[in-house]
Amino acid sequence: MKTIPHSYKTIWQTVKQIPKGKVATYGQVAELADLKGQARLVGYALHNLPEKSKIPWYRVINSKGKISFTNSSKTFKLQRRFLVKECIVFLSNKIDLEKYGWLNNIQKQWKAI
DNA sequence: AACGTGACAAGGC
DNA sequence: AGCCTTGCCACGT
(Lines give C-alpha, C1' and ligand atoms only; values in the text may rest on other atoms or scores of the structure.)
Protein backbone atom coordinates (compact mmCIF):
# COMPACT_ATOMS: atom_id res chain seq x y z
CA MET A 1 0.00 0.00 0.00
CA LYS A 2 1.32 3.34 -1.03
CA THR A 3 1.69 6.12 1.49
CA ILE A 4 0.30 9.45 0.41
CA PRO A 5 2.31 12.47 1.54
CA HIS A 6 0.30 15.20 3.14
CA SER A 7 1.55 17.64 0.53
CA TYR A 8 -0.24 15.76 -2.23
CA LYS A 9 -3.59 16.51 -0.72
CA THR A 10 -2.98 20.22 -0.50
CA ILE A 11 -1.73 20.18 -4.05
CA TRP A 12 -4.79 18.33 -5.29
CA GLN A 13 -6.99 20.67 -3.34
CA THR A 14 -5.33 23.64 -4.98
CA VAL A 15 -5.57 22.27 -8.49
CA LYS A 16 -9.24 21.62 -7.95
CA GLN A 17 -9.78 25.36 -7.56
CA ILE A 18 -8.50 26.32 -10.99
CA PRO A 19 -11.58 27.52 -12.86
CA LYS A 20 -12.69 26.16 -16.19
CA GLY A 21 -11.04 27.89 -19.10
CA LYS A 22 -8.04 28.95 -17.05
CA VAL A 23 -4.63 27.42 -16.44
CA ALA A 24 -1.96 27.63 -13.75
CA THR A 25 1.70 26.70 -13.77
CA TYR A 26 3.28 24.05 -11.58
CA GLY A 27 5.14 26.75 -9.71
CA GLN A 28 2.01 28.76 -9.03
CA VAL A 29 0.20 25.73 -7.71
CA ALA A 30 3.13 24.98 -5.44
CA GLU A 31 3.12 28.49 -4.08
CA LEU A 32 -0.62 28.48 -3.44
CA ALA A 33 -0.29 25.16 -1.68
CA ASP A 34 2.27 26.73 0.61
CA LEU A 35 5.06 24.73 -0.99
CA LYS A 36 6.97 27.54 -2.61
CA GLY A 37 9.79 26.42 -4.84
CA GLN A 38 8.63 22.86 -5.08
CA ALA A 39 7.14 22.74 -8.53
CA ARG A 40 8.49 19.27 -9.14
CA LEU A 41 6.42 18.01 -6.30
CA VAL A 42 3.30 19.24 -8.05
CA GLY A 43 4.11 17.21 -11.12
CA TYR A 44 4.76 14.23 -8.95
CA ALA A 45 1.52 14.67 -7.05
CA LEU A 46 -0.49 14.90 -10.26
CA HIS A 47 1.23 11.84 -11.59
CA ASN A 48 -0.04 10.00 -8.55
CA LEU A 49 -3.63 11.11 -8.79
CA PRO A 50 -6.16 8.40 -8.04
CA GLU A 51 -7.79 7.09 -11.20
CA LYS A 52 -11.27 8.40 -10.75
CA SER A 53 -10.54 11.79 -9.31
CA LYS A 54 -12.30 14.74 -10.86
CA ILE A 55 -9.34 17.00 -10.35
CA PRO A 56 -8.59 19.04 -13.49
CA TRP A 57 -4.94 18.02 -13.80
CA TYR A 58 -4.91 19.19 -17.39
CA ARG A 59 -5.20 22.84 -16.34
CA VAL A 60 -1.68 22.73 -15.00
CA ILE A 61 1.10 23.57 -17.47
CA ASN A 62 4.72 24.64 -17.17
CA SER A 63 6.07 28.15 -16.80
CA LYS A 64 6.79 28.42 -20.49
CA GLY A 65 3.14 28.04 -21.28
CA LYS A 66 3.59 24.56 -22.70
CA ILE A 67 2.33 21.11 -21.92
CA SER A 68 4.96 19.15 -20.06
CA PHE A 69 4.60 15.89 -21.93
CA THR A 70 6.45 14.88 -25.05
CA ASN A 71 4.50 15.94 -28.11
CA SER A 72 3.85 12.49 -29.44
CA SER A 73 2.60 10.98 -26.22
CA LYS A 74 -0.96 9.99 -25.69
CA THR A 75 -1.26 12.05 -22.53
CA PHE A 76 -0.03 15.12 -24.37
CA LYS A 77 -2.80 14.81 -26.89
CA LEU A 78 -5.36 14.12 -24.21
CA GLN A 79 -4.38 17.22 -22.27
CA ARG A 80 -4.46 19.38 -25.37
CA ARG A 81 -7.88 18.04 -26.24
CA PHE A 82 -9.22 18.90 -22.78
CA LEU A 83 -7.84 22.41 -22.97
CA VAL A 84 -9.06 23.11 -26.48
CA LYS A 85 -12.46 21.96 -25.36
CA GLU A 86 -12.37 24.77 -22.80
CA CYS A 87 -11.67 27.25 -25.58
CA ILE A 88 -8.01 27.65 -24.74
CA VAL A 89 -5.99 28.59 -27.79
CA PHE A 90 -2.60 27.17 -28.69
CA LEU A 91 -0.26 29.30 -30.76
CA SER A 92 2.76 27.32 -31.94
CA ASN A 93 2.11 24.82 -29.18
CA LYS A 94 2.05 27.50 -26.51
CA ILE A 95 -0.64 28.97 -24.29
CA ASP A 96 -0.76 32.68 -23.61
CA LEU A 97 -0.40 32.88 -19.83
CA GLU A 98 -1.33 36.53 -19.79
CA LYS A 99 -4.64 35.65 -21.25
CA TYR A 100 -5.48 32.28 -19.74
CA GLY A 101 -3.44 32.30 -16.54
CA TRP A 102 -5.65 32.08 -13.50
CA LEU A 103 -3.36 33.99 -11.18
CA ASN A 104 -2.43 36.62 -13.72
CA ASN A 105 -6.03 37.57 -13.96
CA ILE A 106 -6.44 37.68 -10.21
CA GLN A 107 -3.56 40.11 -10.03
CA LYS A 108 -5.08 42.20 -12.77
CA GLN A 109 -8.37 42.36 -10.95
CA TRP A 110 -6.63 43.52 -7.80
CA LYS A 111 -4.77 46.14 -9.74
CA ALA A 112 -7.97 47.41 -11.25
CA ILE A 113 -9.47 48.17 -7.88
C1' DA B 1 22.84 4.70 1.92
C1' DA B 2 23.95 6.57 -2.52
C1' DC B 3 22.32 7.59 -6.95
C1' DG B 4 19.37 8.43 -10.82
C1' DT B 5 14.99 9.89 -12.43
C1' DG B 6 10.67 12.84 -12.87
C1' DA B 7 4.04 15.99 -15.76
C1' DC B 8 9.36 21.86 -12.71
C1' DA B 9 11.62 26.63 -12.55
C1' DA B 10 14.93 30.38 -12.70
C1' DG B 11 19.12 32.12 -14.08
C1' DG B 12 23.38 32.17 -17.00
C1' DC B 13 25.32 32.04 -21.33
C1' DA C 1 15.75 30.95 -28.74
C1' DG C 2 17.87 26.92 -27.00
C1' DC C 3 20.93 24.45 -23.82
C1' DC C 4 23.10 23.78 -19.41
C1' DT C 5 23.31 24.15 -14.29
C1' DT C 6 21.36 24.24 -9.73
C1' DG C 7 17.71 23.81 -6.29
C1' DC C 8 13.94 21.01 -5.14
C1' DC C 9 11.38 16.59 -3.12
C1' DA C 10 9.73 11.68 -3.28
C1' DC C 11 10.75 7.04 -4.98
C1' DG C 12 12.76 2.97 -6.88
C1' DT C 13 17.06 0.35 -7.45
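Chain letters run A, B, ... following the sequence lines, proteins first, then strands; residues in each count from 1. On a predicted model such as this, the values are computed, not experimentally measured, just so you know. Scope of the values below: all heavy atoms of this structure, side chains included, with no hydrogens, waters or symmetry mates.
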Task: Bounds of contact between DNA chain B and chain A, in 5' to 3' order, using a heavy-atom cut-off under 4.0 Å - done: B/dG6 to B/dA10

TODO: Using modelled atom types only, decide if a donor and an acceptor are shared between the side chain of A/Q28 and the backbone of A/T25 within a distance under 3.5 Å.
DONE: yes

Task: Test log, rule side chain to side chain contact (heavy atoms under 4.5 Å, CB included), inputs A/Q79 and A/I61 - done: CA-CA 10 Å; A/Q79 183 169 12; A/I61 60 177; 4.0 Å; yes

Open item on the list: I need the residues from residues 41-53 of chain A with at least one non-hydrogen atom less than 4.0 Å from DNA chain C; give them sorted by number, or say none.
Closed with: A/L41, A/Y44

- [ ] Measure the CD-CD distance between A/Q17 and A/Q13 for me, rounded to the nearest 0.5 Å.
- [x] 6.0 Å

Task: Sugar-phosphate, base or nothing in reach of A/T25, heavy atoms under 4.0 Å - done: sugar-phosphate

Return all side-chain donor-acceptor pairs below 3.5 angstrom for residues 90-97 of chain A, not counting sequence neighbours, or 'none' if the list is empty.
from  : atom 1 : to    : atom 2 : distance (Å)
A/D96 : OD1    : A/E98 : N      : 3.0

TODO: Rounded to the nearest angstrom, tell me the gap between atom CZ in A/R40 and atom P in C/dT5.
DONE: 15 Å

Task: Distance, P atom - from C/dG7 to B/dA7, rounded to whole angstrom - done: 22 Å

Task: Short side-chain N/O contact from A/Q38 to OP1 or OP2 of C/dC8, under 4.0 Å - done: no

Which pairs of donor and acceptor atoms, one on a side chain in residues 42-50 of chain A, lie under 3.5 Å apart (sequence neighbours left out)?
from  : atom 1 : to    : atom 2 : distance (Å)
A/N48 : OD1    : A/K2  : NZ     : 3.3
A/N48 : ND2    : A/Y44 : O      : 2.8

- [ ] Evaluate side chain to side chain contact (heavy atoms under 4.5 Å, CB included) for A/V15 paired with A/I18, printing each intermediate quantity in order.
- [x] CA-CA 6 Å; A/V15 171; A/I18 306 172; 4.3 Å; yes

Task: Point-to-point distance, once rounded to the nearest 0.5 Å, from CG of A/N71 to NZ of A/K77 - done: 9.5 Å

Open item on the list: Testing A/K74, A/R81, A/R80 one by one against A/L78 for a side-chain contact (heavy atoms from CB on, under 4.5 Å), which residue passes?
Closed with: A/R81

Task: N/O donor-acceptor pair under 3.5 Å between A/S73 side chain and A/F69 backbone - done: no

Open item on the list: Within residues 5-15 of chain A, which residues have any heavy atom lying less than 4.0 Å from an atom of DNA chain B?
Closed with: none

- [ ] Measure the NZ-CG distance between A/K22 and A/L83 for me, rounded to the nearest 0.5 Å.
- [x] 13.0 Å

- [ ] Return the value, rounded to whole Å, for the distance between atom CD1 of A/I4 and atom C1' of C/dC11.
- [x] 15 Å

Task: Residue pairs fulfilling side chain to side chain donor-acceptor pair (under 3.5 Å) with at least one residue in residues 54-63 of chain A, sequence neighbours excluded - done: A/Y58-A/E86, A/R59-A/E86, A/N62-A/S68

